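Values reported hereafter were calculated over all heavy atoms of this structure, with side chains retained and with hydrogens, waters and symmetry mates removed. The shown structure was predicted, so the numbers you read here are calculated from the model rather than taken from an experiment.
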Amino acid sequence: MTGKTHIAIGVASALAVAPLAGARLGVPTGVAPQAIALALGGMVGGMLPDTDTPSSMGSRGTRRVWAALAVMVAALLAVDHARGSDLALGLASGFSYERLAGLAIVVATCAVGRASGHRGFSHSLVALALVGYGSWMLCRPIAAAVAVGYASHLALDLTNKRGVRLLWPWDRTLCLGLFESGRLADWTLFVLGIAAAALMVATRLQLMGPMPAALPPVGMPTAVAAMSW
């Protein structure tokens, strides 16, 4: 699937797990902050598996993030030098060893994925577990959303006509062969992901009226209406 589809489905999937994340992971309780945290986590998780290829949206986004961080650090150091302050040191002191370890796990997982080739290690259950654990150490409020977004990426690619090594280090490639990237099904999933995410946020913000009572007991609209964020 294309990058935009992975992002849309990742965000929608992350928003759907809001009742499961809860305060235990430090997820914000406010409507807007919670939606932003979950959407951000789902977007990151949805892109991360494809950092195993340089031309992917995930790789391009990651390079931009690292570049922005480098510029910010350089700017802080320049300001500290000019003013004799310690802004950079203050920010660094708030970054615990646990968060550094979590960041290292996520970065190492992506690096191994890049070395193993597209749809190899990074598209496995092992990588999912490592990214989920690393995200939990790095930033607990979005950890569940990152893991769910990552899992949605693997699920989508499993339906693709190109397989994934889901059970790495087992060499076998798994593939359902239902869809092809960039085709009608890809576009349809993108639209459905955007619509589902918008519906969940709108329902939570009470921008829509109550769901009709005649809706069947199973289905996306009913599930969304029943969510107790």
Taking Arg165 for its side chain and His123 for its backbone only, find out whether a donor-acceptor pair lies under 3.5 Å.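 Checked: no pair found.
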
Relative to each other, are the rings of Phe190 and Trp187 parallel, tilted or perpendicular (30° and 60° limits)? tilted

Applying ring pair (Phe, Tyr, Trp, His ring centres under 6.0 Å), name anything that partners His6, two or more places apart in sequence or on another chain.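 Testing His6 for ring pair (Phe, Tyr, Trp, His ring centres under 6.0 Å), a comparison that skips the adjacent residues, returns His153.
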
I'd like to know whether His118 forms a side-chain contact (heavy atoms from CB on, under 4.5 Å) with Asp50, so could you lay out the CA-CA distance, the side-chain angles of the two residues, the decisive distance to 0.1 Å, and finally the verdict. CA-CA 7 Å; His118 189 38; Asp50 276 349; 3.2 Å; yes

State, to 0.1 Å, how close [X] and [Y] come at their nearest heavy-atom pair, and which atoms those are.
X	Y	result
Ser122	Asp52	OG-OD2, 2.8 Å
Ser152	Gly10	OG-CA, 3.4 Å
Ala147	Gly132	CB-CA, 4.2 Å
Val146	Ser135	CG1-OG, 3.3 Å
Ala196	Ala12	CB-CB, 4.1 Å
Leu128	Ala151	CD1-N, 3.9 Å

Taking only residues two or more places apart in sequence or in another chain, which ones pass side-chain contact (heavy atoms from CB on, under 4.5 Å) with [X]?
X	answer
Val126	Phe121, Ser124, Leu130, Trp168
Val44	Leu40, Leu48
Leu158	Val164, Leu166, Leu174, Leu176

Of all residues at least two apart in sequence or in a different chain, which pass the side-chain hydrogen bond (donor to acceptor under 3.5 Å, both in side chains) check with Thr5?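 For Thr5 the side-chain hydrogen bond (donor to acceptor under 3.5 Å, both in side chains) partners, ignoring immediate neighbours, are Thr2, Asp186.
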
Calculate, to the nearest 0.5 Å, the distance between atoms [atom1] and [atom2] belonging to [X] and [Y] respectively.
X	Y	atom1	atom2	answer
Leu199	Ile194	CG	CD1	13.0 Å
Ile9	Met43	CD1	CE	15.0 Å
Leu125	Tyr150	CG	OH	10.0 Å

Could you go through Glu98 and Arg140, starting from their C-alpha distance and side-chain angles, then the distance that decides it, and tell me whether this counts as side-chain contact (heavy atoms from CB on, under 4.5 Å)? CA-CA 11 Å; Glu98 181 183 26; Arg140 294 186 185 183; 3.1 Å; yes

Can you tell whether the side chains of Arg119 and Asp157 come within less than 4.0 Å, N to carboxylate O?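 Looking at Arg119 and Asp157, the cut-off is met.
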
Which residue pairs pass the salt bridge (Lys or Arg N to Asp or Glu O under 4.0 Å) test with at least one member in residues 8-17, sequence neighbours excluded?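 The answer is none; no pair qualifies.
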
Consider only side-chain heavy atoms of I, L, V, M, F, W and Y, link residues closer than 4.5 Å, and tell whether Ile36 and Leu15 are in one cluster.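 Result: no, two separate clusters.
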
Are Ile105 and Trp136 linked, directly or through other ILVMFWY residues, by side chains that come within less than 4.5 angstrom of each other? yes

